[in-house]
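One structure is given here, and the rest of the page talks about it.
We name chains A, B, ... by the order of the sequence lines, and we start the count at 1 in each one. Heavy-atom basis, side chains included; hydrogens, waters and symmetry copies ignored.
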Amino acid sequence: MAVQAIPKSWYLPSKPHKFCPGCGHGIVLKALGEVIDELEIQDQVIFGCDIGCSLLSWNFFACDSTQTHHGRTTPVMVGIKRSRPELVCVGYMGDGGGYSIGSQHLLNSAVRNEKVTLILVNNTNYGMTGGQMAPTTLPGQKTETSPYGRDPELTGYPTMGPEFIAQLTPDSAYVARATVSKYKQLKKYIKSALRNQMEGNGFSFVEVLSTCPTNWRTNAQQTWNFLEDEMEKYFPVGELKTPFGKGDK
Amino acid sequence: MERVIGESKKSFMTGNEAAAWACLAAGADIMFGYPITPQNEIMHYWTRMAPKYGKGFLQTEDELSAGFTVCGGVQSGKKAFTATAGPGNVLMQEPFGMAEAMRLPLLAIIQQRGGPSSGTVVYSQQEVSLTTYGGNGEGHRIVYSTSTHQEIFDYIIKGFNTAWKFRFPVFILGDGYQAKMREPLEMYDPESRGIKMEEAYPLIGLGGKIGQDRGPSHLCNIYSLEEELYEVITKVQAEYDALAPQITEYDEKFCEDADIILVTHGVVSRAADDAVKALRAQGIKAGYFRPITLRPFPQQELRAAIAKSGAKKLLIAESAIGQLERLVKQEIYGETVKIETLFMPGVGIIESDLIDKVKSVL
Ligand SMILES: Cc1ncc(C[n+]2csc(CCOP(=O)(O)OP(=O)(O)O)c2C)c(N)n1
Ligand code: SF4
Ligand SMILES: [Mg+2]
């Protein structure tokens, strides 16, 4: 089968997309687009994006989509899913939106095992607002609001999202952490997270380690090094919970 | 108090930077905040300066938390402040309500952006209703609407004083243009201008031995009976009304003989100032009235301007749909002057917009 360069579910009039060069968001959305194609769910998917750089994806797919509000994508998706269970709801958010302002929604929807799929992009900062500290900022990492480096004494340690959500959810949930540096695995996890919702099992969550060269102020090599050497060491990539049998670590 | 500016100095900077410096010069102790454009740089400058001056900072998980941590900071006796905008201002209405109810002298800098919801990150004057009367209360707040960087600096210093002197939450209402634009201002230490800064004092954590030196401090924020609440609110309202004349500020020009008075606030009043002068040069008798405090509103002063000029018309112009207009109308109820409006929600208003409008209604 010929590999299609551009997923069928992408909305072409909105391309080229508006993410910065070297940004990981585009890779995540490419994987999501291919999975939507493979599962043939373009017409059932409701794509909801947060306010963060994820907001740039509001017309990324040729799927029905809604831009929500900073941190509130999860409850908007839950509202849609509870009202129309036949729809496949995909919430797309940043680490600030998901783990900080929206953390109560993440926690409570996980506890309720809401049958939605959430993809959370961890780029260790608030990209859209110009690079402030996020819950995922690494110890010692400099950001606009940790100008002398993140000090865990003052601001704690990075939020371990999937680990935390795995503790809150029943066995029918799907929880994983992927990275944009391992594309095939990323795609596999997103596919599992969608299948898990479609099969009516439960809460499906994928955190994706991603790049933000603009706010990291890194060149291509440094960007990749930070992702692979710093982030992937701190945040272990793998499946934490899978109803489909043994997780792949 | 530590002098942070030293010799008063001319500076050229953004409004956000001026705001951070003003908080420092005013002796603020700690900032709690959450990133949002267009106020981010207040936090950025504060985080850089805070450790050097022994000040505190915490980026909270959201604006609800930022607002309530400020309430806590103030209760503990520190000059705590925050800065926000748009949807962040919406979330902070809950803690601001607590500040109103418990008379907590917090200071919040609001850099208005376009709304509703995420709107734009750029500019508007659409947070007037929210900042003056947001929350499930009676608007027991003090709101200064600034128009220049000098005023941002001046009113932040003054705002900390009004907050701690009168114990009402104080709001410095700016906007994205003021936040991001660079312009000159003069920065100074308040003492060097003979401004005495009010001391902050704790409401809890009072020291001494409870039962021996003092009783425990029990701060109340909910009442069992309608009548209890009624009594408290009525008393607060009476105090607010009694203090209003000391707090109210406004600016007025050319109102003695004006046929039409332009009523604007904040950055739009800069365009109104230019427009009125240009209209006068063309022989059109235009006047200028600007409430600096939107709460309490300079009601008597505006009524007096209408009366002495005998103006037949007011032109209320704002970057919102009627938020200033509603305030004005409720304050001057009964006046027969005709009200014309220029509403440009979320976009700037310049001199020519006002001149054209005046000519079209005269
Ligand atoms: C209530 C509210 N507070 C703050 C903001 C400002 N805001 C917009 S995007 C953003 C941060 C985005 O960071 P993240 O969620 O990590 O996404 P990224 O841009 O990094 O992908 C913030 C704080 C807002 N829009 N609404
Ligand atoms: S600011 Fe960062 S996260 Fe946002 S588009 Fe640019 S690189 Fe991507
Ligand atoms: Mg982020």
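Side-chain atoms of Glu127(B) and Thr131(B) include no donor-acceptor pair closer than 3.5 Å.
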message: Please evaluate residues Val206(A) and Leu118(A) with respect to the criterion side chain to side chain contact (heavy atoms under 4.5 Å, CB included), reporting the C-alpha separation (whole Å), side-chain torsions for both, the decisive distance (0.1 Å), and the verdict.
response: CA-CA 6 Å; Val206(A) 183; Leu118(A) 304 181; over 6 Å; no
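For a residue to count as touching a neighbouring chain, one of its non-hydrogen atoms must lie under 4.5 Å from one of that chain's; by this rule Pro51(B) touches chain A with the side chain only.
In summary, the aromatic rings of Phe81(B) and Phe32(B) are positioned with their centroids too far apart to meet the 6.0 Å limit.
In this structure, the side chain of Gln75(B) does not engage the main chain of Leu203(B) through any donor-acceptor pair within 3.5 Å.
To the nearest 0.5 Å, atom CD of residue Glu318(B) and atom CD of residue Gln323(B) are 6.5 Å apart.
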For chain B against chain A, print all donor and acceptor atom pairs separated by less than 3.5 Å.
unit_1: Tyr34(B); atom_1: OH; unit_2: His70(A); atom_2: NE2; d: 2.8
unit_1: Tyr34(B); atom_1: OH; unit_2: Tyr126(A); atom_2: OH; d: 3.1
unit_1: Asn40(B); atom_1: OD1; unit_2: Gln132(A); atom_2: NE2; d: 3.3
unit_1: Asn40(B); atom_1: ND2; unit_2: Thr129(A); atom_2: O; d: 3.2
unit_1: His44(B); atom_1: ND1; unit_2: Glu144(A); atom_2: OE1; d: 3.4
unit_1: His44(B); atom_1: NE2; unit_2: Gln132(A); atom_2: NE2; d: 2.9
unit_1: Thr47(B); atom_1: OG1; unit_2: Glu144(A); atom_2: O; d: 3.4
unit_1: Arg48(B); atom_1: O; unit_2: Tyr148(A); atom_2: OH; d: 2.5
unit_1: Arg48(B); atom_1: NH1; unit_2: Glu144(A); atom_2: O; d: 3.2
unit_1: Arg48(B); atom_1: NH2; unit_2: Glu144(A); atom_2: OE1; d: 3.0
unit_1: Gln59(B); atom_1: OE1; unit_2: Thr145(A); atom_2: OG1; d: 2.5
unit_1: Gln59(B); atom_1: NE2; unit_2: Met133(A); atom_2: O; d: 2.7
unit_1: Glu61(B); atom_1: O; unit_2: Ser100(A); atom_2: OG; d: 2.9
unit_1: Glu61(B); atom_1: O; unit_2: Ile101(A); atom_2: N; d: 3.0
unit_1: Ser117(B); atom_1: OG; unit_2: His69(A); atom_2: ND1; d: 2.6

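The ring-ring contact (aromatic ring centres under 6.0 Å, His included) check on Phe68(B) picks up nothing, with sequence neighbours excluded.
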